[in-house]
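Input: one structure, supplied below.
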Number of protein chains: 2
Amino acid sequence: MINARRNSEEGSTARSRLSRLAPLDADAVRLLEEAARTSYALRARQELLSAGSSIEAPLILLDGWAARARILPDGRRQIVSLLVPGDVTGVSDLPEPLSSATIVALTPVHVCAAPPRGASAALDLAYAVSRAHDEAFLLAQITRLGRMNAQERIMDLLLELRDRLDLAGLVRDNSFDVPLTQETMSDALGLTPVHVNRMLQAARKAGDLVWTGKRITLSDPARSARELGRVPLRVRAG
Amino acid sequence: MINARRNSEEGSTARSRLSRLAPLDADAVRLLEEAARTSYALRARQELLSAGSSIEAPLILLDGWAARARILPDGRRQIVSLLVPGDVTGVSDLPEPLSSATIVALTPVHVCAAPPRGASAALDLAYAVSRAHDEAFLLAQITRLGRMNAQERIMDLLLELRDRLDLAGLVRDNSFDVPLTQETMSDALGLTPVHVNRMLQAARKAGDLVWTGKRITLSDPARSARELGRVPLRVRAG
DNA sequence: CGCACCTTTGAAAGGTTTCAACTTCTGTGG
DNA sequence: CCACAGAAGTTGAAACCTTTCAAAGGTGCG
């Protein structure tokens, strides 16, 4: 289940994304490369971390997608946030923190333990920005679920993913890979898979997006963003 | 608008709550008392902090209720979280952090700047636990909005508030003050005020709760919690 | 080629919203 | 202490969005 890997390509997405959150010095890059050297692989549907279990160390998702989810006793599932390549999760100021949600791989993934805090000031700043982003994404998710209809939820989530993937350097010409099934999307959006399917068709017919295979192309993200009242994410002054 | 106050009673709720998150030593208590001495009052509907503005210092809500909210361009409002007496908000590891939501007083409130981090190890631990709680509440809010129906949302929120108020020593015999209008609840629950009203009546008829004036009494919180699959909040091991 | 998984479709039921009016509270001023 | 105004709570009927259930197409991979 845990396969140590030696692929130096692995960490590049994480480095790319983190360096856009805060400038990384040579020291930070070295720490990241070292961490990536002991990455391991998980298959889709495997759990990276289960709710209530203790968080040994922050994780970096080097490759692939994952989801933080909560399950209700009757089986209903809510994805509270999606993790895309380069994301860091599990950073806490608490000694012996416990996970408040289950993290499950949505695709085959490669993960590694993140360098601990305190080892690099540049990295610590990147972690702080990353955490602030994560909180902003949670607030955005709440607003989506509470006050948007199905069409708005879908487009708003895709725009968020676009922005996030852009930070990792994974967007080209408004198109990007989204390896989510409609069922997974429905768990993230608080909808049924059937309804996601119908609204996605409506969005395609309206010319808002093209979705072929795993790749999405947004026709006019700027316009869509304006219509939804999305504003650029800023978490610190200056 | 800002009235310095000299009421030594003020900080007691905050002390009480924080000390249940982590044991406070004499030093921490002194810092809290000092901070509470320069509290100020705001009327209901006034903003404590507006979205996008910079967070000068963490805030302690000494008294009264507030809400963190996001407003959509067409006026729809989503309350992302409620702040109850004793809550701390705005703790960040970021230099010059910006607020990602507007904080508005729901009742007349007294707030003060929290002692800065680094001044007391005990207090820092309390802040860390408080932050972990806040994150768990956001996840709970997401699950409520995404996967619960109106009745479940209402009861689940009330149970969460009960637990939180309990930490501040504000629950007696399963009853506690909830100074929320049905409209405010609807903004927190992603529903219309009309529907909140109807579902509240249903809950009363079903004997699940009594709500007179501003005071709520839950008939059988343990049973309700079980039915909703709520589990005790734990954010750290040991 | 066949099984598993994902997407698509239809029709009916259901939960929630909308709109508009009415009633009950609560606090303030006469 | 009562009258009044504004805020909050309540009610009804119809429209609307989303879900449910069930089944039929696609697609990819061993």
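In what follows, chains are A, B, ... by sequence order, proteins preceding strands, each numbered from 1.
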Inset, instruction - Remember a base hit wins even if backbone is also touched, and classify A:Gly213 as base, sugar-phosphate or nothing at under 4.0 Å, heavy atoms. - result: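 No contact at all - A:Gly213 keeps every heavy atom at 4.0 Å or more from the nucleic acid.
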Legend entry - Axis deviation across the helix from C:dC1-D:dG30 to C:dG30-D:dC1, five-pair ends, to the nearest 10°: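 Axis-to-axis angle, ends of the helix: 40°.
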Inset, instruction - Grab the CG-C1' distance between B:Leu106 and D:dA7 for me, whole Å please. - result: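 Rounded to the whole Å, the gap is 15 Å.
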Inset, instruction - Measure from NE2 on A:His195 to P on C:dA13 and round the result to the nearest Å. - result: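 That distance rounds to 19 Å.
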Legend entry - Residue pair B:Thr13 / B:Ser16, side-chain donor-acceptor N/O under 3.5 Å: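 No, because no side-chain N or O of B:Thr13 sits under 3.5 Å from a partner of the opposite role on B:Ser16.
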Legend entry - Listed nucleotide nearest any side-chain atom of A:Arg198, set D:dT10, D:dT18, C:dT9: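 The closest nucleotide is C:dT9.
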Inset, instruction - Measure the distance from CG on A:Asn197 to P on D:dT20 and round it to the nearest whole Å. - result: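 It is 16 Å, rounded to the nearest whole Å.
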Legend entry - Pair A:Gln201, A:Arg204: side-chain N/O donor-acceptor within cut-off below 3.5 Å: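 No donor-acceptor contact under 3.5 Å links the two side chains.
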Legend entry - Ion pair A:Arg20/A:Asp166, N-O distance below 4.0 Å: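 The answer is no: the pair does not qualify as a salt bridge.
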Inset, instruction - Side chain of B:Val194 only, please: which of C:dA20, D:dT20, C:dT16 is the nearest? - result: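 Between C:dA20, D:dT20, C:dT16, the one nearest the side chain of B:Val194 would be C:dA20.
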Inset, instruction - Hey, could you give me the CZ/CG distance between B:Arg45 and B:Leu106, rounded to the nearest 0.5 Å? - result: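 Result: 9.5 Å between the selected atoms.
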Inset, instruction - Go through the steps to decide whether B:Leu98 and A:Val235 satisfy the test side chain to side chain contact (heavy atoms under 4.5 Å, CB included), and finish with yes or no. - result: CA-CA 5 Å; B:Leu98 298 178; A:Val235 297; 5.7 Å; no
Inset, instruction - May I ask you to say what B:Arg45 touches in the nucleic acid, namely base, sugar-phosphate or nothing, with a heavy-atom cut-off under 4.0 Å? - result: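 Sugar-phosphate contact only.
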Legend entry - Atom pair distance, as rounded to whole Å: CH2 in B:Trp211 and P in D:dT10: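 The answer, rounded to whole Å, is 10 Å.
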Inset, instruction - Determine the contact category for B:Arg204: base if any of its heavy atoms lies under 4.0 Å from a base atom, sugar-phosphate if only primed atoms, P, OP1 or OP2 are that close, otherwise nothing. - result: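 If one applies the 4.0 Å heavy-atom cut-off, B:Arg204 turns out to touch the sugar-phosphate alone, with no base involved.
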Legend entry - Whole-Å distance separating the CG atom of A:Leu191 from the P atom of C:dG15: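 Between P of C:dG15 and CG of A:Leu191: 17 Å.
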Legend entry - A:Glu227 bridged to A:Arg223 by N-O distance under 4.0 Å: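 Result for this pair is yes, salt bridge flagged.
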Legend entry - No-H, no-angle donor-acceptor pair, B:Arg147 side chain to D:dT18 base, under 3.5 Å: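 Such a pair does not exist between side chain and base.
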Inset, instruction - Please state whether the phosphate of D:dC17, meaning OP1 or OP2, lies under 4.0 angstrom from any side-chain nitrogen or oxygen of A:Asn149. - result: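 For D:dC17, neither OP1 nor OP2 has a side-chain N or O of A:Asn149 closer than 4.0 Å.
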Legend entry - Whole angstrom value for the distance that separates C1' of C:dC5 from CE of A:Met185: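 A:Met185 atom CE is separated from C:dC5 atom C1' by 18 Å.
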Inset, instruction - Identify which nucleotide among C:dT7, D:dT20, C:dT18 has an atom closest to any side-chain atom of A:Gln182, counting heavy atoms from C-beta outward. - result: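 Among C:dT7, D:dT20, C:dT18, the one nearest the side chain of A:Gln182 is C:dT7.
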Inset, instruction - Look at all strands and tell whether B:Leu200 reaches a base, only sugar-phosphate, or nothing, counting heavy atoms closer than 4.0 Å. - result: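 Contact class for B:Leu200: none.
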